Amino acid sequence: MNVVDWVVLVGTMVGIATYGAWRTRHIRSLNTYLRGHRSTGWGTIGLSVMATQASAITYLSIPGQGFESGIGFVQNYFGLPLALVIVCAVFLPMYRRPGVYTAYEFLGRRFDQKTRLLGAGLFLLQRGLATGVTIYAPAIILSAVLGWRLDLIVVFTGLLVILYTVMGGSEAVSLTHKWQMAVIFCGMMTAVIVLLARLPDGLGFGGAAHVAGALGKLNGVDVSLDPKRRYTLWTGLFGGLFLSLSYFGTDQSQVQRYIAGDSLRESRLGLMFNAMVKIPMQFVILLIGALLFVFYQVIGPPVFFNQAEWQRHARGPDAGAFVEVEARHAVATKDTREAISAWLEARATGDAAAEATTRAAMVDAHRKSTALRAEAKKVLVAADPRAKTKDSDYVFITFILTQLPHGAIGLLVAVMFAAALSSKAAELNALGTTTTIDFWRHLRPLAAADEARNVRVAKRFTALWGVFAVAFALFAGFAENLIEAINILGSIFYGVVLGIFLVAFFLRRVGGNAVFFAAVGAQALVIVMYFSLDIGYLWYNLIGCAACIVLSALLQRLLGSMAASPSASSRADSFPGASSSPRCAPRAGSRRSWADASCSSATTAITIRARPARSSVIARRASARASTSRSARRFNGNSRRSTSSRSPPTGMSERRDNCRITWNAP
Amino acid sequence: MSPALPPDPPSDVEPPGLPGFRSWRAVYVFVLGWFVLVVVFLALFMRIFS
């Protein structure tokens with residue numbers, strides 16, 4: 001990298017961060033800080049959702065995936081459009097109607113506070129740990145390739161993202177996402193153009209695609225039912241649907257992005273934009289990898305793309321083995337190049353027999369070359385058993401640094417940092433929001449009325465999570481297989497969280513006690529299975545979700561039968577949110593929504609009344625009277641609509657009469 | 001405390017406001033149709049270049 005690259009890189013990163021912080025410096029409203037500005041349109045929401053999902057690893061690793069295994073990985077995203085349609089039709093109206101800040105706040109209103117805390121706690125646990133990896137994973141690749149200090153990259157990116165996320169909250173995250181995605185699009189387009197321009201004369205896109213296809217890199221749809229195949233149409237449709245539903249439907253880092261905006265329409269259009277664009281986008285990124293594969297077959301790839309790791313060991317006592325495998329690989333590469341040329345010439349002549357012969361020779365040459373790359377990894381491990389042998393993550397960055405002109409190198413490195421910052425910012429924003437809304441305000445209910453204090457607390461929690469993530473990323477350098485460990489941790493908890501939400505949406509008779517204990521039981525089951533069985537960890541998503549749903553239904557049936565007797569009914573009433581209580585449960589055959597029947601916040605409101613400070617009570621009474629008169633008018637006009645769309649104003653109690661709610665000032 | 005966002009209109013009656021689409025169901029069908037087209041394109045792409 002030269003001065004031009006540095007100017008582009010630093011200018012882009014610092015410029016976007018400064019813009020985000022500057023534009024949002026006057027935000028004082030909690031709504032705006034946590035949910036973003038009311039005028040946020042569907043384009044911003046759509047880009048923000050996309051930027052949150054795509055981290056730096058997406059742009060570093062997925063081209064490597066295309067290089068190594070072809071574009072079959074695109075099938076992993078086949079469940080995404082269907083999942084987003086379900087989120088739009090079911091999840092989104094449920095989140096927006098009561099005007100919640102977090103997905104777990106919704107659980108509190110649908111069930112009870114303990115279920116809300118359970119959901120929020122599981123999110124904080126898995127996302128809090130994963131957020132350190134979001135910084136660490138790209139930093140370790142960039143530090144290896146660029147020769148920069150790992151700790152400095154981690155601290156620089158961490159401080160930058162903390163700065164604007166803390167200052168502007170959700171609004172700053174959405175604003176910067178737009179520009180970061182613009183940088184990413186420009187950078188990736190630049191890479192595609194340069195890659196196509198660098199292909200040898202006479203090859204072109206068509207020729208390169210034919211070579212990639214002949215060598216098995218363009219198998220985008222695999223209808224095989226073989227369960228051993230990792231990426232097929234079916235695993236993508238079913239597994240992808242499940243994973244996408246978990247991620248987009250219940251992960252606060254995504255929910256916070258799409259509950260912003262002026263109306264339900266904007267949120268829905270933003271999600272539909274992603275449903276349409278995501279698969280083509282992933283296809284293009286994977287295709288870059290497949291074209292890189294052809295490019296390196298022609299110009300000759302290094303035997304191992306992580307050259308820093310290779311050179312570090314190649315100078316050691318086993319240098320002879322390294323030199324030998326490099327020499328053999330160079331010969332195999334030359335043979336592959338010649339075989340590709342022969343096949344392309346045979347295709348041009350239209351001689352079918354010659355084409356078949358040369359194609360077989362090309363496939364054989366490529367197989368030998370691939371075997372030598374595998375042998376090189378063995379040599380590396382023989383020299384150092386702890387050596388990192390996965391080099392596909394280094395393919396794209398190697399191309400960027402060796403083939404792109406100056407300026408474009410800075411832009412593409414900026415793409416990686418922009419992607420790291422964008423996903424990191426959304427995660428920090430979600431962690432700060434969940435900690436503030438679901439934990440701090442729950443433990444300090446009286447403070448909920450002080451909006452300025454809420455914003456201050458949300459900022460502090462966001463900063464705290466940022467510092468934690470940076471510290472974790474610095475520590476992560478000492479851990480082995482950390483990324484996989486985080487993925488396993490996520491799979492262990494994601495399924496149960498999705499199960500809780502699916503029960504909330506679709507099993508309307510299930511109450512808070514049933515789902516809470518079912519979730520705890522399902523989580524215990526998953527953990528026991530994890531330590532006692534040897535199955536792929538992705539299956540725990542499905543097992544946890546299914547166990548939570550089934551146990552919830554069974555427990556609710558048990559509680560329902562207990563509540564049928566008067567003594568049991570009075571016991572059930574003592575639990576906040578116990579919808580097994582006949583007084584609160586929907587009548588049989590009723591089509592009323594959950595909010596009509598929910599009694600979840602009654603106990604909270606009573607608690608609030610019991611402990612107010614004198615001065616704050618006076619101030620709140622005044623605002624409560626005003627809002628009471630407004631609320632009463634609204635509720636009298638349409639009780640069903642209003643009860644499902646308003647939260648209880650702080651400092652007011654609620655009285656229920658056959659599940660019709662009226663507000664009364666204390 | 002600033003008030004919560006005003007309630008959205010019932011989700012099944014709010015029009016998507018897109019030309020040619022009268023309901024959200026039509027939008028969802030269009031998106032799923034687009035997905036099918038993308039899968040068909042990928043299959044054709046594979047067949048052409050393999």
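Owing to the predicted nature of the structure, the values given are computational and were not obtained by experimental measurement. Naming convention: chains lettered A, B, ... in sequence-line order (proteins, then strands); numbering from 1 in each chain.
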Is chain B contacted by the side chain of [X], its backbone, both, or neither, given a heavy-atom distance below 4.5 Å?
X	value
A:Val211	neither
A:Ala209	both
A:Phe283	side chain
A:Leu237	side chain
A:Arg359	side chain
A:Leu34	neither
A:Ile279	side chain

I need the [X] [atom1] to [Y] [atom2] distance, nearest 0.5 Å.
X	Y	atom1	atom2	result
A:Leu218	B:Leu42	CG	CG	10.0 Å
B:Phe35	A:Lys278	CZ	NZ	14.5 Å
A:Cys88	B:Tyr28	SG	OH	4.5 Å

Next item on the list: Find the one option among A:Gln75, A:Arg265, A:Met272, A:Lys217 whose heavy-atom pairs under 4.5 Å with chain B are most numerous.
Entry: A:Arg265

Least distance between heavy atoms, [X] atom then [Y] atom:
X	Y	result
A:Pro280	B:Val38	CG-CG2, 4.4 Å
B:Ile48	A:His210	O-NE2, 3.7 Å
B:Met46	A:Val221	CE-O, 3.4 Å

Note to self: Once you measure the plane-to-plane angle for B:Phe45 and A:Phe205, does it fall in the parallel (<30°), tilted (30-60°) or perpendicular (>60°) bin?
What the structure shows: tilted

Check: Step by step, would you call A:Met276 with B:Phe30 a side chain to side chain contact (heavy atoms under 4.5 Å, CB included)?
Finding: CA-CA 10 Å; A:Met276 294 183 68; B:Phe30 175 78; 3.5 Å; yes

Check: Between B:Val39 and chain A, which part of the residue has a heavy atom less than 4.5 Å away: side chain, backbone, both or neither?
Finding: both

Checklist line | Worked verdict on A:Leu269 versus B:Leu18 for side chain to side chain contact (heavy atoms under 4.5 Å, CB included) | finding: CA-CA 10 Å; A:Leu269 288 178; B:Leu18 296 171; 3.6 Å; yes

